[in-house]
Amino acid sequence: MLILTRKSGESITIGDEIRIQVIEIKGKQVRLGIEAPKKYAIHREEVYIRIQEENKRAASKAPLSLKSIGDLWKKKNT
């Protein structure tokens with residue numbers, strides 16, 4: 001893990017497309033501003049974890065094969 005020290009108003013860049021700026025430091029909280037192309041999804045870690053858990057839950061309920069999908073389609077249309 002790379003660890004950097006930045007002051008309020010300073011920033012770091014990741015590649016050519018991502019810039020993270022320290023907006024404000026208040027007590028134990030740091031406000032960050034993130035500039036990145038829309039192709040990157042940016043989430044707080046706790047939100048990202050919930051999304052991953054929901055995706056796993058949804059995938060576990062999904063049909064496991066094309067045959068299963070075909071069977072469901074036939075049932076729906078009869």
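On a predicted model such as this, the values are computed, not experimentally measured, just so you know. Residues take their numbers from the sequence shown, with the count starting at 1.
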> Once you round to the nearest 0.5 Å, how far does CZ of Arg6 lie from CD of Gln21?
10.5 Å
> Could you work out, with salt bridge (Lys or Arg N to Asp or Glu O under 4.0 Å) as the rule, every residue matching Glu24, not counting sequence neighbours?
Lys26, Arg31
> Look at the side-chain heavy atoms of Ile, Leu, Val, Met, Phe, Trp and Tyr, link any pair under 4.5 Å apart, and say whether Ile3 and Ile25 land in one connected group.
no
> Can you confirm whether Gln29 is buried at CD, in the sense that more than 12 heavy atoms of other residues, nucleotides or ligands lie under 6.0 Å from that atom?
no
> Can you confirm whether Ile23 sits close enough to Leu32 that some side-chain heavy atom of one is under 4.5 Å from a side-chain heavy atom of the other?
no
> Hey, are the side chains of Thr13 and Ile18 touching, using non-hydrogen atoms and a 4.5 Å cut-off?
no
> Is Glu10 reaching over with its side chain to a backbone N or O of Lys7, donor-acceptor style, under 3.5 angstrom?
yes
> Only distances under 3.5 Å count here; give the side-chain donor-acceptor pairs of residues 36-50 to other protein atoms, sequence neighbours excluded, each with its distance to 0.1 Å.
from  : atom 1 : to    : atom 2 : distance (Å)
Tyr40 : OH     : Glu17 : OE1    : 3.2
Arg44 : NE     : Glu46 : OE2    : 2.8

> Which value, rounded to the nearest 0.5 Å, describes the distance between Ile20 atom CD1 and Ile34 atom CD1?
5.5 Å
> Show your working on salt bridge (charged side-chain N to carboxylate O under 4.0 Å, His left out) between Glu53 and Lys56 and close with a plain yes or no.
CA-CA 5 Å; Glu53 289 170 353; Lys56 287 178 189 174; over 6 Å; no
> Nearest 0.5 Å please: distance from the CZ atom of Arg19 over to the CD1 atom of Ile14.
12.0 Å
